[in-house]
Protein chains: 2
Amino acid sequence: MKKQIKDIVEYLVKHNIKPSYPRIKILEALIEKDSHPNVDEIYNSLLKDAPTLSKTTVYNTLNVFAEAGIVKVLIIDGKEARYDIDTIEHGHFKCDNCDNITDLNISIDDKIISELQGFKIKEKRVYCKGICNKCLSI
Amino acid sequence: MKKQIKDIVEYLVKHNIKPSYPRIKILEALIEKDSHPNVDEIYNSLLKDAPTLSKTTVYNTLNVFAEAGIVKVLIIDGKEARYDIDTIEHGHFKCDNCDNITDLNISIDDKIISELQGFKIKEKRVYCKGICNKCLSI
DNA sequence: AAAGAGAATTGTAATAAATACAAAATTAAA
DNA sequence: TTTAATTTTGTATTTATTACAATTCTCTTT
Ligand SMILES: [Mn+2]
Ligand SMILES: [Mn+2]
Ligand SMILES: [Zn+2]
Ligand SMILES: [Zn+2]
């Protein structure tokens with residue numbers, strides 16, 4: 001269930017991001033990958049189309065996207081950030097073996113709100129770790 | 001609500017960890033702090049009692065503790081690991097302003113189990129980020 | 001079209017958490 | 001006491017990410 005964005009440029013502009021070539025390509029890669037890629041995966045996948053692309057640009061752009069709220073940064077074991085274009089609240093499962101991250105249709109119950117009276121909640125995150133079904137069946 | 005451990009040495013031995021002086025001190029610090037400290041906080045708080053303590057030993061020891069299951073490693077924004085002596089499943093709130101981490105009495109509903117049929121779940125994590133009540137009232 | 005201002009991109013250097021590794025020290029066994 | 005095994009330590013290394021200045025690009029104004 002890949003994220004559907006008809007017009008990439010329009011989508012960027014709508015979020016006040018100037019649609020430069022690297023930004024368009026990086027957003028395309030995020031949509032295409034659909035698997036919570038890391039910086040290196042994005043960078044390497046674009047080298048053919050954008051040979052002069054700098055890894056710093058990938059970092060910068062992803063930070064711009066995160067600031068604008070069009071990507072979520074997933075920190076699951078601290079080694080590296082993973083990026084998700086699906087900004088609707090949902091959870092994740094990361095496989096310790098293959099490093100794949102799959103989506104979970106889950107959101108944090110509002111009962112925590114009572115515990116966080118007087119707090120400003122900006123983000124709620126849920127994830128699990130373990131071994132995925134594919135890795136288990138090998 | 002600090003974790004109550006009567007006999008530190010006995011507790012370590014029970015978990016098959018040889019109770020060396022650094023290990024005892026680091027465990028004591030984890031219990032005493034009660035605030036999900038990072039490596040530097042633990043290290044610095046022990047320098048008076050253990051002037052020869054190496055930061056590598058703190059890293060090693062915390063890894064030993066994590067392996068043995070007597071601490072949980074919290075990765076919330078990837079900058080650094082935080083350590084929790086409370087191993088009962090619960091959630092956390094991290095303040096973007098003061099970096100304090102507070103406990104949340106929450107656990108992931110078992111409804112996710114249905115989504116993870118055939119997966120081996122080793123860990124379930126929940127956390128929120130935002131601004132804590134103390135920082136908001138300043 | 002040319003010039004200029006502002007923004008984005010790039011390459012390199014710097015940062016910092018965590019690990020690797022081997023030597024020294026400590027502990028336990030014989 | 002000797003010896004073996006384990007732990008601790010210091011230093012070097014790794015690696016993801018950021019800092020920063022120079023270059024390039026883009027868009028507006030002349
Ligand atoms: Mn996702
Ligand atoms: Mn906790
Ligand atoms: Zn897997
Ligand atoms: Zn705070």
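Every chain is numbered from 1, with letters handed out A, B, ... down the list of sequences.
- Rounded to whole angstrom, the span from the CD1 atom of Ile42(B) across to the C1' atom of dA18(C) amounts to 14 Å.
- If you check dT9(C), dA18(C), dT6(D) against the side chain of Lys18(B), the one that comes closest is dT6(D).
- Judged by distance alone, the side chain of His36(A) and the main-chain N or O of Ile101(A) form a donor-acceptor pair under 3.5 Å.
- Within a heavy-atom distance below 4.0 Å of DNA chain C, the residues of residues 47-74 of chain B found are Thr56(B), Tyr59(B), Asn63(B).
- Between dT7(D), dA8(C), dT17(D), one nucleotide has an atom nearer to the side chain of Arg23(A) than all others, and that is dA8(C).
- A straight line from CD1 of Ile75(A) to P of dA17(C) spans 15 Å, rounded to a whole angstrom.
- For the salt bridge (Lys or Arg N to Asp or Glu O under 4.0 Å) test with Lys94(A), the passing option among Asp103(A), Asp77(A), Asp84(A) is Asp77(A); the others fail.
- With hydrogens and angles ignored, the 3.5 Å screen pairs no side-chain donor or acceptor of Arg82(A) with any backbone N or O of Leu74(A).
- Counting to the nearest Å, the C1' atom of dC25(D) and the CD1 atom of Ile24(A) are 14 Å from each other.
- By the criterion of side-chain heavy atoms lying less than 4.5 angstrom apart, applied directly or through intervening Ile, Leu, Val, Met, Phe, Trp or Tyr residues, Tyr127(A) is not grouped with Tyr83(A); the two fall into different hydrophobic clusters.
- Rounding to whole angstrom units, CG of residue Leu46(B) and P of dT8(D) are separated by 13 Å.
- Atom-to-atom, CD1 of Ile17(B) to C1' of dT8(D) comes out at 16 Å; the value is rounded to the nearest Å.
- You'll find the side chain of Leu116(A) reaches within 4.5 Å of the side chain of Phe93(B), heavy atoms only.
- Asp86(A) and Lys72(A) are not joined by a salt bridge, as no carboxylate oxygen comes within less than 4.0 angstrom of a charged side-chain nitrogen.
- Per the geometry, CG belonging to Asp40(B) stands 14 Å off C1' belonging to dT15(C), to the nearest Å.
- Each of Arg82(B) and Tyr21(A) was matched to the nucleotide of DNA chain C holding its nearest heavy atom; the match closer to the 5' end belongs to Tyr21(A).
- Across the protein-nucleic acid pair, Lys25(B) atom NZ and dT9(D) atom C1' stand 19 Å apart, rounded to whole Å.
- Looking only at distances, a side-chain donor or acceptor of Thr61(A) sits under 3.5 Å from a matching main-chain atom of Thr57(A).
- The CG-P distance, from Leu12(B) to dT6(D), rounds to 18 Å in whole Å.
- Across dA16(D), dT8(D), dA17(C), the shortest atom-to-atom separation from the side chain of Lys79(B) is found for dA17(C).
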